[in-house]
2 protein chains.
Amino acid sequence: MTARPTMHDVARLAGVSIKTVSRVVNDEPRVDPGTRSRVQAAIDHLGFRRNEQARSLRPGQSTALIGLVTGDMGNPFYSAIARGIEDVARQHGHLLLTASSEEQPERERQVIGAFLQHNVAGLIVVPTVLAHQTLTPDVLESLPVVAVDRPLSPPSAVDTVLLSNRDGAHRAVQHLLRDGHTRIAMIDGDPEVYTGRERTAGYLDALREAGLSPDRALILQGYHGDRQAEAAMHALLDLPTRPTAVFVTNNRIVVGALKAMHDRRHWLPLASFDDFEFADLLTTPITVVSYDPIEMGKQAGEQLFRRIGGSTLPPVHTQIQVALRTPADLRPGAGPSS
Amino acid sequence: MTARPTMHDVARLAGVSIKTVSRVVNDEPRVDPGTRSRVQAAIDHLGFRRNEQARSLRPGQSTALIGLVTGDMGNPFYSAIARGIEDVARQHGHLLLTASSEEQPERERQVIGAFLQHNVAGLIVVPTVLAHQTLTPDVLESLPVVAVDRPLSPPSAVDTVLLSNRDGAHRAVQHLLRDGHTRIAMIDGDPEVYTGRERTAGYLDALREAGLSPDRALILQGYHGDRQAEAAMHALLDLPTRPTAVFVTNNRIVVGALKAMHDRRHWLPLASFDDFEFADLLTTPITVVSYDPIEMGKQAGEQLFRRIGGSTLPPVHTQIQVALRTPADLRPGAGPSS
DNA sequence: CTGAAAGCGCTAACAG
DNA sequence: CTGTTAGCGCTTTCAG
């Protein structure tokens, strides 16, 4: 385990001062070409690599690190966002720290604290539901922060990247209405979560537009994760007067809803916010509100680097457009088996 | 944008020396309780946070950072591994850097180089296919490295966490054979990838065991991603004498195969390495080789921290067990719709 | 074009 | 129990 070479070692080998090595490493102009190549040779020979820790210790030099906090990096939606951010970070020569809050404000607080101790140059956060004790004004002033998928609560003047939640839900439910349904149920997760609230509002918009008044018995909220959503779907199927179609507000709930329908061998027309790869391969194809989570990450990353680059414009709020994909849209050219 | 407080600021406010502050921050024993609480008050008042960069600059003090390189953090399989690692890292007070190699050795090299510049305490890698120019002996000696999902090529003496690829494939194909199939096709991705090679071997094992000789026309290799896999499945369906069942070697290929069968409205019994949430909700349920990727990450993380903790045992090779899930296993208690 | 000296924020010695 | 000194690896003055 030989010690890692330092600029000092390189300088000694090349017969120059440490400062000249620094100049070569940083591609500074005023270096004699001969000296430069001699130093470069020494660098290559020793396998020297600049210590980022030491570099960023000097004032003004930020760590080439950005931090991402999501609810759960194991959730494909969040990891797709991470992927988009990573691409942008790489273009800017930065690395990405990732951590999961598990939707717990306390964990979010700890993680952000740890990121700050590592002097991240910026932060991208999918905020947890409750008040953000860590994203206090002084934190927000000390480094750029972008909120993705949900705004901060209480609302702060930070950049956001959000989906057209309300409009997407509106259109999905509209689609069911056009098919003649009038008893359309809805299953949502935590009604405190911004996305769920917005999508619920879109559902209500569509009903109102159609002149229908919402039926309390058909609006199920507070069903977290696929297991609880499964129970919710069973409850709907147990109703004396069943709904004729169902709208579900996210990619966890749709899994539970489908499982329940599968168990009961009873399929209701379904519309879901969030797309998934198998949507068109199911027993009954479903209508989905589709969008590109990688693009969300890219937008968030680009906005963050604009701030890191010094932009002081007023907060930017980016809307990511969503598309409705109905069973009729699927693979229109596909013919039957030959 | 006020400057971030340092130990110096805390020391001045508390009327002690900087070293005493350091002692309090690091929970060292020999500090007077009165002094300690006075310092703590100053810390709280200023919102002081130790600068990790500066701390880890001292020799012997490693950065509380570990690095993860996978093929694509947007792939749910890899992000699940990341999630498992993250949990272990947190328990050990470390943060996780993540990056995608896109299966390109050159990018892998760059990413690992960047991680090393940030003085990561350890590295977890899903190695790319070709030779690992970066994971050279001197790198492997300078910090702990764990390989997940695939061993290093050329083989090095590092810890690995691998699936029972060959056995899992063997059992999946065995299952098809027991259903009476004798013309079982196989679709694989890059035959250079370790997991694909092993799973192919398992497929051949099963055929041999059944006294069948492999049919070249039914073994399709080199189909990367779901698009190419879709074409492969079409090719199988175009064969003058079609196979009666198909085994696919990963979670990308199964998507393509299913799409092709769906387009043709022609479903062949299918077995897949890699499970997915919708396996039992499809038009024709399929047989899957199932395992827990989060657990893979946990095992890798725990092994890494054993090394970071100083373990010098010979390389540890952890096998993650896999389970066969057949359509008959699915939800046995579920009854028909009431 | 090149170098010497100072210091970033912190911790390990060694005094007191 | 507490403080002083030195120095981690690097970049920034400011002189040559």
Side-chain angles (χ1 to χ4, degrees), chain A residues 2-40 42-43 46-65 93 114 116-121 142, chain B residues 2-40 42-43 46-65 93 114 116-121 142:
Chain A
T2 49
R4 178 171 155 181
T6 71
M7 280 196 179
H8 216 95
D9 302 324
V10 175
R12 205 146 34 95
L13 182 61
V16 297
S17 85
I18 178 179
K19 176 61 212 185
T20 301
V21 178
S22 173
R23 289 201 174 91
V24 172
V25 169
N26 293 304
D27 266 327
E28 284 176 35
R30 286 141 200 298
V31 180
D32 180 90
T35 313
R36 184 182 294 275
S37 62
R38 202 147 35 84
V39 170
Q40 191 57 55
I43 288 174
L46 293 172
F48 168 79
R49 228 184 267 286
R50 178 176 59 187
N51 183 331
E52 281 295 314
Q53 238 73 38
R55 187 191 61 79
S56 63
L57 197 55
R58 298 315 314 285
Q61 308 275 9
S62 98
T63 321
L65 246 35
L116 293 178
Q117 291 192 209
H118 283 271
N119 294 331
V120 292
S142 73
Chain B
T2 48
R4 180 170 154 182
T6 72
M7 280 194 178
H8 216 94
D9 302 323
V10 175
R12 205 148 31 97
L13 182 62
V16 297
S17 85
I18 179 179
K19 177 64 212 185
T20 300
V21 177
S22 172
R23 288 202 174 92
V24 172
V25 169
N26 294 304
D27 265 327
E28 284 176 35
R30 285 144 200 298
V31 181
D32 179 273
T35 315
R36 184 182 294 274
S37 62
R38 201 146 36 85
V39 170
Q40 190 58 54
I43 288 173
L46 294 172
F48 168 79
R49 228 184 268 286
R50 177 177 61 187
N51 183 330
E52 281 295 314
Q53 238 72 38
R55 186 192 61 81
S56 63
L57 197 56
R58 302 310 316 286
Q61 307 277 5
S62 99
T63 321
L65 246 37
L116 293 177
Q117 290 191 210
H118 282 271
N119 294 330
V120 292
S142 72

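These numbers come from the heavy atoms of this one structure, side chains and all, not from hydrogens, waters or symmetry mates. To find a chain, count down the sequence lines: A is the first, B the second, and so on, and within it residues start at 1. Please read all numbers here as calculations on a predicted model, not as lab measurements.
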Checklist entry - Do the side chain of Thr6(A) and the main chain of His8(A) share a donor and acceptor less than 3.5 angstrom apart? => result yes
Item to check | Residue list, salt bridge (Lys or Arg N to Asp or Glu O under 4.0 Å) with Arg49(B), at least two apart or on another chain | outcome: none
Next on the checklist: If you compare all heavy atoms of Gly93(A) against all heavy atoms of Ala64(A), which two are closest, and at what distance to 0.1 Å?
Outcome noted: O-CB, 3.5 Å
Not counting sequence neighbours, which residues clear side chain to side chain contact (heavy atoms under 4.5 Å, CB included) with [X]? List them please.
X: Ser17(A); answer: Lys19(A), Thr20(A)
X: Ala114(A); answer: Leu95(B)
X: Ile43(B); answer: Val10(B), Val24(B), Val25(B), Val39(B), Gln40(B), Phe48(B)

Checklist entry - Taking DNA chain C as the partner, which of residues 6-17 of chain A come within under 4.0 angstrom of it by heavy atom? => result Val16(A), Ser17(A)
Checklist entry - Does anything in residues 24-32 of chain A reach DNA chain C, meaning a heavy atom under 4.0 Å, and if so which residues? => result Arg30(A), Val31(A), Asp32(A)
Enumerate, atom names and distances included, each donor-acceptor pair closer than 3.5 Å involving a side-chain atom of residues 26-33 of chain A, sequence neighbours excluded.
{"from": "Asn26(A)", "atom 1": "OD1", "to": "Arg50(A)", "atom 2": "NH1", "distance (Å)": "2.5"}
{"from": "Asn26(A)", "atom 1": "ND2", "to": "Ser22(A)", "atom 2": "O", "distance (Å)": "2.9"}
{"from": "Asn26(A)", "atom 1": "ND2", "to": "Ser22(A)", "atom 2": "OG", "distance (Å)": "3.3"}
{"from": "Asp32(A)", "atom 1": "OD2", "to": "Gly34(A)", "atom 2": "N", "distance (Å)": "2.8"}
{"from": "Asp32(A)", "atom 1": "OD2", "to": "Thr35(A)", "atom 2": "N", "distance (Å)": "3.2"}

Item to check | End-to-end axis angle, where each axis spans five pairs of the helix from dC1(C)-dG16(D) to dG16(C)-dC1(D), to 10° | outcome: 40°
Under 3.5 Å, which N/O atoms of the protein pair with N/O atoms of nucleotides 5-7 of chain C?
{"from": "dG7(C)", "atom 1": "N2", "to": "Arg58(A)", "atom 2": "NE", "distance (Å)": "3.2"}
{"from": "dG7(C)", "atom 1": "N2", "to": "Arg58(A)", "atom 2": "NH1", "distance (Å)": "3.3"}

Item to check | Under the side chain to side chain donor-acceptor pair (under 3.5 Å) test, residues paired with Arg55(B) that sit two or more places apart | outcome: Glu52(B), Gln61(B)
Item to check | side chain to side chain donor-acceptor pair (under 3.5 Å) involving Asn119(A) - partner list, sequence neighbours excluded | outcome: Arg4(B), Asn51(B), Gln53(B)
Next on the checklist: I want to check one thing: is the phosphate of dT11(C), taken as OP1 and OP2, less than 4.0 Å away from some side-chain N or O of Arg23(B)?
Outcome noted: no
Checklist entry - Between dT11(C) and Ser22(B), is there an OP1 or OP2 to side-chain N/O distance shorter than 4.0 Å? => result yes
Checklist entry - First contact, last contact: which nucleotides of DNA chain D are these for chain A, 5' to 3', heavy-atom distance under 4.0 Å? => result dG9(D) to dT12(D)
Next on the checklist: In whole Å, I'd like the distance from the CG atom of Asn51(B) to the P atom of dG9(C).
Outcome noted: 8 Å
Checklist entry - Reckon Thr35(B) touches a base, only the sugar-phosphate, or nothing at all at heavy-atom distances under 4.0 Å? => result sugar-phosphate
Next on the checklist: Determine whether His118(B) and Thr63(B) satisfy the following criterion, side-chain contact (heavy atoms from CB on, under 4.5 Å), listing intermediate values before the conclusion.
Outcome noted: CA-CA 8 Å; His118(B) 282 271; Thr63(B) 321; over 6 Å; no
